[in-house]
Amino acid sequence: MTHYLISFDDGTMDATEEELPAVAEAGHAVIQEAKDAGVFVFSGGLDYRQKHATVGRDGVVTDGPYPESKELLGGVLIVDVPTFDDALKWAAKTAAACRCPQDVREFFPFRRF
């Protein structure tokens with residue numbers, strides 16, 4: 001099987017404040033479905049109001065993301081499925097639940113060093 005990252009950008013969710021509990025419930029239902037199907041690896045959301053930092057290759061720590069960032073990751077789901085088409089099916093379920101487009105990318109094959 002192959003791991004795929006399904007993700008969406010922060011701020012792209014099309015839901016009002018009042019609709020967020022229903023969106024969360026729908027998202028949790030997709031996660032449970034992925035667990036039941038045996039393809040769930042990991043999921044999570046990112047809150048940019050919380051403390052975060054960027055560490056440069058020289059070790060310099062800067063608060064927050066790069067200033068020129070226009071799109072920031074809002075949430076992720078990692079699934080372990082046989083094909084890209086299977087990952088697209090999970091992305092479609094996630095997009096419907098979260099009310100926003102999803103980006104799908106394959107992880108490089110895992111190798112032990």
Indicate the atoms forming the closest heavy-atom contact of [X] with [Y], along with that distance.
X      : Y     : value
Gly27  : Ala97 : N-CB, 3.8 Å
Pro101 : Phe8  : O-CB, 3.4 Å
Pro82  : Tyr4  : O-OH, 4.4 Å
Ala87  : Val81 : N-CG2, 3.7 Å

How would you list, by chain and number, every residue that makes a salt bridge (charged side-chain N to carboxylate O under 4.0 Å, His left out) with Asp103, sequence neighbours excluded?
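So Asp103 forms a salt bridge (charged side-chain N to carboxylate O under 4.0 Å, His left out) with Arg105.
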
Could you check Lys93 against Glu33 for side chain to side chain contact (heavy atoms under 4.5 Å, CB included), going step by step and ending with a plain yes or no?
CA-CA 10 Å; Lys93 293 177 186 200; Glu33 184 181 350; 2.4 Å; yes

For the NZ atom of Lys51 and the CG atom of Asp63, what is their distance to the nearest 0.5 Å?
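Between Lys51 NZ and Asp63 CG, I get 6.0 Å after rounding to 0.5 Å.
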
For residues 76-86, which residue pairs pass the side-chain hydrogen bond (donor to acceptor under 3.5 Å, both in side chains) check, not counting sequence neighbours?
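Matches after skipping sequence neighbours: Thr83-Asp86.
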
Non-hydrogen side-chain atoms of Val76 and Leu5 separated by less than 4.5 Å:
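Answer yes - side chains close enough.
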
Is it the case that atom CG in Asp14 sees more than 12 heavy atoms from other parts of the structure closer than 6.0 Å?
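Count not over threshold, so no.
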
Is there a path of hydrophobic side-chain contacts, each under 4.5 Å between heavy atoms of I, L, V, M, F, W or Y residues, that connects [X] with [Y]?
X      : Y     : result
Phe107 : Phe40 : no
Leu88  : Val30 : yes
Phe42  : Ile31 : no

Between Ile6, Val104, Val41, Thr94, which is the residue that forms a side-chain contact (heavy atoms from CB on, under 4.5 Å) with Val79?
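So, applying the side-chain contact (heavy atoms from CB on, under 4.5 Å) to Val79 and each of Ile6, Val104, Val41, Thr94, only Ile6 qualifies.
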
Could you work out, with side chain to side chain contact (heavy atoms under 4.5 Å, CB included) as the rule, every residue matching Ala15, not counting sequence neighbours?
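Met13, Glu19, Leu20, Val23, Arg99.
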
